[in-house]
**Student:** 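Take a look at the following structure, please.
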Amino acid sequence: MDRKRVLITGGAGFLGSHLCERFLGEGHEVFCMDNLITGALRNVEHLVADARFHFLHQDVTEFIHVPGDLDYVLHFASPASPIDYLELPIQTLKVGSLGTHKALGLAHAKGARFLLASTSEVYGDPLVHPQKETYWGNVNPVGPRGVYDEAKRFAEAMTMAYQRFHGVETRIVRIFNTYGPRMRLDDGRALPAFMGQALRGEPLTVFGDGSQTRSFCYVDDLVEGIYRLLHSGEKLPVNIGNPREMTILQFAKAVLEITGAKCEIQHKPLPEDDPKIRQPDITRARTILGWEPKVPLEVGLQRTLDYFRGRVGEPERV
Ligand code: UDP
């Protein structure tokens with residue numbers, strides 16, 4: 001079979017580690033690059049024994065070096081939860097801008113195909129619903145989320161420039177809310193927050209009145225969509241996410257049901273610029289990639305719960 005050499009930046013993170021697994025599973029050789037500021041070696045330790053897996057402890061915003069040829073570069077390095085990018089605003093801006101530049105430069109030098117992990121945050125607090133790829137978004141550049149949103153918007157522009165100017169083969173995936181094993185319990189996102197609270201018997205912290213909506217995709221579905229996009233000929237951004245939309249209050253109740261916990265719901269202030277609605281329009285993914293999500297919320301939540309049960313009380317970021 002045709003073994004490819006693949007670099008995954010942010011490979012020790014939540015999504016990156018699942019991608020490392022998938023590419024190894026397909027018989028490829030994987031270079032997992034991470035500076036471990038939000039990723040964790042624990043996420044990839046089960047892969048280390050595989051001779052086709054290589055861990056590179058490097059910061060993608062510095063000059064990056066990978067020995068030998070590369071066929072694919074997948075740029076997934078970035079803080080990705082609101083708490084992380086509020087704590088690491090400069091690193092978030094740097095990895096989306098300088099890091100994307102370095103990863104694109106590497107792809108160009110190696111003649112590799114490049115895939116950018118972009119985000120539904122490029123749509124900001126959207127005025128169009130559901131969000132299609134043709135929507136340009138409603139982002140506050142100077143708000144607290146601006147560091148992530150603008151870095152990813154810059155990253156998309158840089159990616160298109162490398163495609164148009166240098167002829168690099170590029171793909172852009174706009175990732176909507178995704179959940180699953182290997183999220184960090186302390187990353188502050190709704191799912192790990194609610195599951196951690198339910199497992200510890202604490203109140204579930206719903207921000208605002210909980211009427212804001214999100215649409216949650218299980219990680220295996222997302223990885224399948226990304227894998228198909230990489231192998232497709234599509235050069236423009238493609239949304240990958242699950243269109244099943246719900247309010248955050250409904251989501252908190254779904255977590256209570258799956259865990260069987262009897263915790264209260266405690267309302268906390270809504271963070272600044274928190275998008276009021278979010279749902280992907282996945283028409284392009286359906287037609288171009290023949291992809292759609294398959295894992296029902298209840299199944300995905302159960303698998304994630306099984307993972308978190310073993311982790312509550314253990315130190316994070318190890
Ligand atoms: N949220 C919440 N309680 C929490 C964490 C998040 O109510 O403990 C809300 C948050 O305000 C947002 C939604 O859940 O409306 C999803 O938040 P998350 O941080 O998971 O991702 P986002 O989609 O905002 O990037």
Side-chain angles (χ1 to χ4, degrees), residues 8-10 15-16 18-19 60 72-78 80 85 92-93 95-97 99-101 103-104 107-108 112-141 145-178 214-217 219 221-243 245 275 277-293:
I8 302 174
T9 76
L15 297 181
H18 285 275
L19 285 163
V60 69
Y72 303 126
V73 173
L74 282 71
H75 184 36
F76 276 70
S78 179
Y85 45 77
T92 303
L93 280 160
V95 74
S97 55
T100 303
H101 184 220
L104 276 162
H108 186 211
R113 184 175 292 184
F114 177 87
L115 184 142
L116 174 69
S118 186
T119 166
S120 53
E121 283 284 326
V122 300
Y123 302 121
D125 190 3
L127 305 176
V128 166
H129 195 68
Q131 292 78 52
K132 280 187 198 303
E133 291 87 344
T134 46
Y135 177 48
W136 291 352
N138 177 39
V139 170
N140 174 6
R145 300 172 86 103
V147 296
Y148 184 66
D149 303 9
E150 296 295 6
K152 289 291 188 181
R153 289 168 68 96
F154 176 93
E156 288 198 7
M158 183 67 102
T159 301
M160 294 306 289
Y162 264 68
Q163 179 195 119
R164 293 185 180 121
F165 190 74
H166 287 309
V168 174
E169 280 254 21
T170 64
R171 309 286 179 264
I172 298 175
V173 54
R174 290 190 181 146
I175 299 169
F176 282 66
N177 292 69
T178 303
R214 294 292 186 276
S215 311
F216 292 92
C217 184
V219 62
D221 282 332
L222 186 94
V223 165
E224 178 63 28
I226 290 169
Y227 199 81
R228 288 189 190 202
L229 175 62
L230 179 71
H231 294 97
S232 78
E234 183 52 46
K235 296 180 167 153
L236 291 172
V238 178
N239 289 339
I240 299 284
N242 191 322
E245 183 185 15
I277 43 174
R278 181 180 291 155
Q279 181 190 33
D281 181 320
I282 59 165
T283 310
R284 297 191 79 231
R286 277 201 177 103
T287 50
I288 299 168
L289 311 177
W291 173 88
E292 61 182 359

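Each residue takes its place number in the sequence, starting with 1.
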**Student:** Examine distances only and state if a side-chain atom of Asp281 and a backbone atom of Gln131 form a donor-acceptor pair shorter than 3.5 Å.
**Tutor:**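 Flag not set: sc Asp281 to bb Gln131 has no pair under 3.5 Å.
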**Student:** Please check if any side-chain donor atom of Asn239 sits under 3.5 Å from a side-chain acceptor atom of Tyr123, or the reverse.
**Tutor:**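 Looking only at side-chain atoms, Tyr123 and Asn239 do form a donor-acceptor pair, the distance falling under 3.5 Å.
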**Student:** Identify the heavy atoms of Thr119 and Lys152 that sit nearest to each other, and give their distance.
**Tutor:**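 Result for this residue pair: CG2-CG, 3.4 Å.
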**Student:** So, does Trp291 use its side chain to make a donor-acceptor pair with the main chain of Asp221 at under 3.5 Å?
**Tutor:**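 At least one qualifying donor-acceptor pair exists.
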**Student:** Do Phe114 and Thr159 have side chains that approach each other closer than 4.5 Å (heavy atoms only, starting at C-beta)?
**Tutor:**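 Yes. Closest side-chain heavy atoms under 4.5 Å.
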**Student:** Using the salt bridge (charged side-chain N to carboxylate O under 4.0 Å, His left out) rule, collect all pairs that involve residues 112-124, keeping only residues at least two apart or in two chains.
**Tutor:**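 Passing the test, one end in residues 112-124: Arg113-Glu169, Glu121-Arg145, Glu121-Arg278.
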**Student:** Do Pro130 and Pro280 have side-chain heavy atoms sitting under 4.5 Å apart?
**Tutor:**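 Result no, sub-4.5 Å side-chain heavy-atom pair not found.
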**Student:** Could you report the tightest heavy-atom contact between Val219 and Thr178, atom names first, then the distance?
**Tutor:**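 Residues Val219 and Thr178, closest heavy atoms: CA-CG2, 3.8 Å.
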**Student:** Tell me, do Cys217 and Asn177 make a side-chain contact under 4.5 Å, heavy atoms counted?
**Tutor:**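 No, every pair of side-chain atoms sits at 4.5 Å or beyond.
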**Student:** Ignoring hydrogens and angles, tell me if any N or O in the side chain of Arg284 forms a donor-acceptor pair with the backbone of Lys132 under 3.5 Å.
**Tutor:**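 Not confirmed, Arg284 side chain does not pair with Lys132 backbone.
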**Student:** Between Ser97 and Phe154, is there a side-chain heavy-atom distance shorter than 4.5 Å?
**Tutor:**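 The answer is yes; the side chains approach within 4.5 Å.
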**Student:** Side chains of Glu156 and Ser118: is there a donor and an acceptor less than 3.5 Å apart?
**Tutor:**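 Distance-only check passes for Glu156 and Ser118.
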**Student:** Any sub-3.5 Å donor-acceptor pair from Gln279's side-chain atoms to Pro243's backbone N or O?
**Tutor:**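 Here the side-chain-to-backbone pair exists.
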**Student:** Is any side-chain heavy atom of Leu222 closer than 4.5 Å to a side-chain heavy atom of Tyr227?
**Tutor:**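 No. Closest side-chain heavy atoms not under 4.5 Å.
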**Student:** For Gln163 and Thr170, what are the C-alpha separation, side-chain angles and deciding distance, and is it a side chain to side chain donor-acceptor pair (under 3.5 Å)?
**Tutor:** CA-CA 6 Å; Gln163 179 195 119; Thr170 64; 2.7 Å; yes
**Student:** Any sub-3.5 Å donor-acceptor pair from Arg228's side-chain atoms to Ala285's backbone N or O?
**Tutor:**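 Flag not set: sc Arg228 to bb Ala285 has no pair under 3.5 Å.
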**Student:** Measure from the side-chain N and O atoms of Tyr135 to the backbone N and O of Leu127, and report whether any donor-acceptor pair falls under 3.5 Å.
**Tutor:**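 Checked: pair present.
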**Student:** Closer than 3.5 angstrom, by distance alone: can the side chain of Thr92 be matched with the main-chain N or O of Val147 as a donor-acceptor pair?
**Tutor:**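 Side chain of Thr92 to backbone of Val147: no pair is present.
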**Student:** Any side-chain heavy atom of His101 sitting closer than 4.5 Å to one from Met158?
**Tutor:**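 SC-SC contact between His101 and Met158 confirmed.
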